[in-house]
Amino acid sequence: MMMRQEHSLRDEINPSSYGDRITVLSIDGGGIRGILPATVLIFLESKLQELDGEEVRIADYFDVIAGTSTGGLITAMMTAPDQNKRPLFEAKDIIVPFYLKHCPKIFPQSRGIIMRMNALRGPKYDGKYLRKLLRKILGYRRLHETVTRIVVPTFDIKLLQPHVFSTFEAEIDTSEDALLSDVCIGTSSAPTYLPAHYFKTKDSRGNDREFHLVDGGVAANNPALLAMKPTGTVFPGSPDALAAPQSLDYQKYIMLSLGSGTSKIEKKYDAKVASKWGILGWLYRDNGHSPLVDAFTFASGDTVDLHMSMIFRSIKCEQNYLCIQDDTLSGHTPSTDKATKKNMKELVRIGERLLHKPVSRMNLDTGIFEPAQHQGTNEQALTRFANLLSEERRLRKERLQRWSSN
């Protein structure tokens with residue numbers, strides 16, 4: 001274990017010990033459906049720039065950003081530092097060029113029979129293009145260098161347990177301080193789609209530590225709870241602020257949770273059909289979906305959202321938690337890997353339409369998102385959220401300036 005001694009830039013950007021709130025962003029996994037949360041983030045960043053200037057970025061406003069799988073890629077792109085220690089990408093850079101340009105090469109389309117044969121022999125895709133791309137984009141940047149703290153879940157297939165990479169841990173343990181590219185490849189290695197990812201790090205004594213990773217969606221497709229876990233020092237000026245569970249004051253949190261869309265409304269599976277499936281039936285259907293992958297990703301994601309909804313309702317702080325999700329996808333749009341130009345452009349349109357839909361909350365009985373009363377549209381809610389974030393950042397800067405002058 002080794003505590004890093006250098007002054008962290010993120011403590012200047014997000015000096016949360018001088019604020020009133022803890023600000024959290026969570027981004028679900030979902031392959032090419034990452035276009036949906038990316039569209040929402042473009043709108044949010046544009047509102048923040050209207051308030052505080054064109055130079056501000058999403059990472060300037062959140063104490064923690066959590067992302068799984070494709071959400072982990074978005075998280076890394078928004079928080080990896082450039083040569084000036086500023087975020088490498090603006091939100092508007094994520095859809096174009098990343099998704100529209102690169103996803104057809106990450107998930108090359110082939111005829112159905114060929115894809116099914118590939119799925120029998122191994123992963124549908126070899127992952128080479130994705131790995132090369134992430135190495136090029138993220139270079140040798142490591143987890144401790146992110147401009148705000150991040151949390152990215154993976155699953156270690158050798159240990160058969162989740163492994164959560166976080167800036168919190170990387171700051172005190174060099175064996176956790178992996179290359180951002182390795183973290184992103186690991187969290188994106190979806191079973192049946194992409195190969196598992198192996199890499200090693202060094203601890204403070206120079207000993208090797210191995211990782212054997214598959215997609216973080218196996219453990220937490222919705223990483224919102226992990227972002228709120230009292231790990232590390234969220235308040236730099238008060239190291240023990242979140243040391244004990246009883247000190248976790250949910251009223252201090254404001255959270256934005258972004259889903260990547262589901263086809264839940266279609267109800268495309270039922271017990272009569274599922275009772276006839278063998279191994280191949282669970283892994284691959286004629287529509288290109290994997291019922292098994294759908295089941296574990298939807299289950300973990302909905303469990304977290306149910307938990308978060310109950311927490312904020314119980315303390316009468318529903319306004320502190322904004323979840324934006326679309327569970328009405330149909331056709332090819334719910335696919336993780338249907339990376340055709342037509343399908344991805346349709347996802348962009350769905351993301352834009354999602355902004356104009358009413359704010360919705362999960363019905364705790366049915367699991368379906370239903371419009372919330374008197375909350376307006378997602379666009380209006382995001383505008384209010386942007387104002388909250390801007391006010392919190394301004395408050396922190398004012399208090400930090402007063403403290404520095406004393």
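We use all heavy atoms of the structure for the numbers below, so side chains are in, but hydrogens, waters and symmetry mates are not.
- Between Glu346 and Arg353 there is a salt bridge, with a side-chain nitrogen of the basic residue lying less than 4.0 Å from a carboxylate oxygen of the acidic one.
- Side-chain contact check for Ser390 and Asp52: at least one donor-acceptor pair (N or O, by modelled atom type) lies under 3.5 Å.
- If you take CD1 on Ile94 and CD1 on Ile58, they are separated by 8.5 Å, rounding to the nearest 0.5 Å.
- Salt-bridge check for Arg394 with Glu391: failed, with every basic side-chain N at 4.0 Å or more from each acidic carboxylate O.
- Ion pairing between Glu55 and Arg86 fails under the 4.0 Å rule for side-chain N and carboxylate O.
- Of all heavy-atom pairs between Tyr61 and Leu389, the closest is CD2-O, 3.6 Å.
- The distance from the CD1 atom of Ile311 to the CE atom of Met308 is 5.0 Å, given to the nearest 0.5 Å.
- A donor-acceptor contact under 3.5 angstrom links the side chains of Tyr99 and Thr70, judged on distance only.
- Between the side chains of Asn378 and His356, no donor-acceptor pair is found at a separation under 3.5 Å.
- Side-chain N or O atoms of Ser26 include one that pairs as donor or acceptor with a backbone N or O of Ala224 at under 3.5 Å.
- Side-chain rings of His163 and Phe155 stay apart, their centers remaining 6.0 Å or farther from each other.
- In this structure a side-chain-to-backbone donor-acceptor pair under 3.5 Å is missing from Thr146 to Arg149.
- With a 6.0 Å radius and a threshold of 12 heavy atoms from other residues, nucleotides or ligands, Glu54 has its CD atom at or below the threshold.
- Between Asp305 and Arg361 there is no salt bridge, since no side-chain nitrogen of the basic residue lies less than 4.0 Å from a carboxylate oxygen of the acidic one.
- Leu322 has its side chain out of reach of Met255: every pair of non-hydrogen atoms, C-beta onward, lies at least 4.5 Å apart.
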(message) Ile32 vs Asn343, test: side chain to side chain contact (heavy atoms under 4.5 Å, CB included). Steps then yes/no.
(response) CA-CA 9 Å; Ile32 61 168; Asn343 193 46; 3.5 Å; yes
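- Under a 3.5 Å cut-off, the side chain of Asn320 and the backbone N or O of Tyr253 do form a donor-acceptor pair.
- Of the residues listed (Asn207, Asp208, Thr174), the one engaging Lys202 in a side chain to side chain donor-acceptor pair (under 3.5 Å) is Asp208, and it is the only one.
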(request) Apply side chain to side chain contact (heavy atoms under 4.5 Å, CB included) to His212 and Leu159, showing your working. (result) CA-CA 8 Å; His212 303 256; Leu159 300 178; over 6 Å; no
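- A side-chain donor from one of Tyr125 and Asp337 sits under 3.5 Å from a side-chain acceptor of the other.
- Proximity of the aromatic rings of Phe107 and Tyr129 is defined here by a centroid distance below 6.0 angstrom, and this criterion is not met.
- Ring centroids of Tyr269 and Trp282 are separated by 6.0 Å or more, keeping the two rings apart.
- Checked by atom type and distance alone, the side chain of Thr333 never pairs as donor or acceptor with a backbone atom of Leu329 at under 3.5 Å.
- Atom CG in Asp327 sits 8.0 Å away from atom OG in Ser360 (nearest 0.5 Å).
- Rounded to the nearest 0.5 angstrom, Asn222 CG and Ile27 CD1 are separated by 11.0 Å.
- Between Gly29 and Ser260, the shortest heavy-atom distance links the atoms O-OG, 2.5 Å.
- Checked against His197 for a side chain to side chain donor-acceptor pair (under 3.5 Å), the options Thr187, Asp182, Asp215 give a single hit: Asp182.
- Using a cut-off of 4.0 Å between Lys/Arg side-chain N and Asp/Glu carboxylate O, Asp28 and Arg33 are scored as not salt-bridged.
- Between Arg142 and Glu145 there is no salt bridge, since no side-chain nitrogen of the basic residue lies less than 4.0 Å from a carboxylate oxygen of the acidic one.
- In this structure, Arg396 pairs ionically with Asp63, as a charged nitrogen and a carboxylate oxygen lie closer than 4.0 Å.
- Residues Thr154 and Val214 form no side-chain contact, since every pair of their non-hydrogen atoms from C-beta on lies 4.5 Å or further apart.
- Under the 4.0 Å criterion applied to side-chain N and carboxylate O atoms, Glu176 and Arg209 are assigned as salt-bridge partners.
- Salt bridge Arg21/Glu392: absent, no basic N to carboxylate O contact under 4.0 Å.
- Side-chain contact, Thr79 with Thr148: no donor N or O sits under 3.5 Å from an acceptor N or O.
- In this structure, Gln325 contributes its side chain and Gly261 its backbone to a donor-acceptor pair below 3.5 Å.
- To the nearest 0.5 Å, the span separating CD1 on Ile35 from CD1 on Ile95 amounts to 6.0 Å.
- Shown here for Ile185 and Leu134, the closest heavy-atom pair between the two residues is CG1-CD1, 3.7 Å.
- Looking at Gln375 and Glu318, their side chains never bring a donor and an acceptor atom within 3.5 Å of each other.
- With rounding to the nearest 0.5 angstrom, the SG atom of Cys184 is 12.5 Å from the CZ atom of Arg131.
- Using a 4.0 Å cut-off between charged nitrogen and carboxylate oxygen, Glu90 and Arg57 count as a salt-bridge pair.
- Contact of the Thr377 side chain with the Val359 side chain is not registered, since no non-hydrogen atoms from C-beta on lie closer than 4.5 Å.
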(request) Evaluate salt bridge (Lys or Arg N to Asp or Glu O under 4.0 Å) for Lys357 paired with Glu379, printing each intermediate quantity in order. (result) CA-CA 8 Å; Lys357 286 187 174 183; Glu379 189 175 77; over 6 Å; no
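- Nearest heavy atom pair, residue Ala386 against residue Leu44, reads CB-CD1, 3.9 Å.
- A distance-only check finds a donor-acceptor pair linking the side chain of Thr167 to the backbone of Ile150 [under 3.5 Å].
- Between Asp177 and His144, the side chains place a donor N or O and an acceptor N or O closer than 3.5 Å (distance only, hydrogens not considered).
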